[in-house]
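As structure tokens, the structure follows; a few thoughts come after it.
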Amino acid sequence: MKTLLSTAAILAFGATGALAQTVGFSQIGSESGWRAAETTLTRQQAEERGIDLKFSDAQQKQENQIAAIRSFIAQGVDAILLAPVVATGWDSVLEEAKEAEIPVVLLDRQVDSDPSLYLTAVGSDLVHEGEVAGQWLVDEVAGEECRVVELQGTTGSSPAIDRKTGFENAIEGHDNIEIVRSQTGDFTRAKGKEVMESFLQAEGGGADICALYAHNDDMAVGAIQAIKEAGLNPGEDILIVSIDAVPDIFQAMAAGEANATVELTPNMAGPAFDALEAYMADGTEPEKFIQTESKLYTQSDDPAGEYERRKDLGY
Ligand code: AHR
């Protein structure tokens with residue numbers, strides 16, 4: 001077992017194993033249903049553990065996140081949770097947190113900084129998620145020609161980069177499948193719809209599109225609307241595979257308008273607080289990456305039931 005925490009810092013958190021009293025949470029924003037659920041669950045987890053959570057919504061801007069972290073440091077919080085909007089540009093502020101002996105836990109997205117600058121990262125294997133989505137399509141089309149359009153997440157974010165890589169890995173060597181158009185939809189429903197409209201226009205009104213791969217469900221839901229407005233049947237004329245497993249995509253799957261989704265749990269805070277608790281109790285250093293599951297759901301997995309099970313969970 002490696003001990004990182006200074007004696008002073010451990011004493012500051014108490015010898016009982018109790019978690020920090022005050023935790024700053026720099027959240028990206030509210031671009032998707034998944035993001036809303038992560039915020040809700042983080043607040044719930046904090047409340048259950050008696051933590052005073054200082055919440056900051058960055059409205060998709062890295063500079064707002066950096067300012068929030070600096071403010072958390074100035075306030076002397078016990079720990080910081082950071083869901084980083086993009087992967088690059090965090091070194092200085094993470095060094096400042098380290099200098100102040102405030103552990104930082106990354107939630108759901110990765111950064112390209114040296115791992116010594118944060119305590120741990122809780123998230124899924126984002127490349128694997130893309131691979132699961134791509135493999136579903138490979139199996140589904142079973143050798144038939146398939147022209148794919150791709151809605152990417154926020155440019156420069158680790159899920160956009162890794163989910164693209166994963167999907168490409170899965171279709172590699174399957175020459176029947178080709179990504180013919182790929183553009184960011186910024187993880188939002190509105191942008192997903194807008195970009196899908198342009199894809200449909202450019203691809204014979206949609207006649208030349210076999211499948212949509214969206215880096216999250218919200219963009220897929222926006223795209224479903226665009227496909228319907230173009231007079232096509234989403235889920236049949238155009239296959240749809242996406243990532244997150246939010247209630248709305250299960251509703252679409254139950255209606256036959258979407259085909260598959262890869263689950264990303266919004267409960268990143270539970271494992272993060274557990275790791276912080278152990279660290280603060282006696283300096284136990286967690287693994288650098290605490291991995292959550294990536295489960296595939298299709299129309300055969302009781303989408304109506306999944307919708308019912310999830311609809312009140314804060315999405
Ligand atoms: O970082 C996780 C991604 O961010 C989710 O898949 C997406 O919905 C969110 O906005």
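In listed order, ligands and their atoms are each counted from 1. Computed from a predicted model, the values in this text were never measured in an experiment. Values below: all heavy atoms of this structure, side chains included; hydrogens, waters and symmetry mates excluded.
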Worksheet item: So which protein heavy atom does atom 8 (O) of ligand 1 come closest to, and at what separation?
Response: D244 OD2, 2.6 Å
Worksheet item: Are D114 and S116 close enough that a side-chain donor and a side-chain acceptor fall under 3.5 Å?
Response: yes
Item to complete: For atom 10 (O) of ligand 1, find the nearest protein heavy atom and state the residue, atom name and distance (0.1 Å precision).
Response: E31 OE2, 2.3 Å
Worksheet, complete the sentence: Within 4.0 Å of some non-hydrogen atom of R35, the atoms of ligand 1 are 1 (O), 2 (C), 3 (C), 4 (O), 9 (C), 10 (O)
Worksheet item: Does NZ or CZ of R43 come closer than 6.0 Å to the centre of the six-membered ring of F55, within 45° of the ring's axis?
Response: yes
Discussion item. So is D108 touching ligand 1 or not, going by heavy atoms under 4.0 Å?
Written reply: yes
Worksheet item: Under the 6.0 Å and 45° cation-pi test, does K295 pair with Y297?
Response: yes
Worksheet item: What about R109: any of its N or O atoms under 3.5 Å from an N or O on ligand 1?
Response: yes
Discussion item. At less than 4.0 angstrom from any non-hydrogen atom of S32, what atoms of ligand 1 do you find?
Written reply: 7 (C), 8 (O), 9 (C), 10 (O)
Practice prompt. Considering the heavy atoms of P159, write down every atom of ligand 1 situated less than 4.0 Å from one of them.
Written response: 1 (O)
Worksheet entry | Ring-face cation of K288 near Y118 (centre distance under 6.0 Å, axis angle within 45°) | yes
Worksheet item: Between Q60 and E31, do the side chains contain an N or O donor and an N or O acceptor separated by less than 3.5 Å?
Response: yes
Discussion item. Atom CD of residue position Q75 - does it have more than 12 heavy atoms of other residues, nucleotides or ligands inside 6.0 Å?
Written reply: yes
Practice prompt. Check each heavy atom of R163 against ligand 1 and say whether those closer than 4.0 Å belong to the side chain, the backbone, both or neither.
Written response: side chain
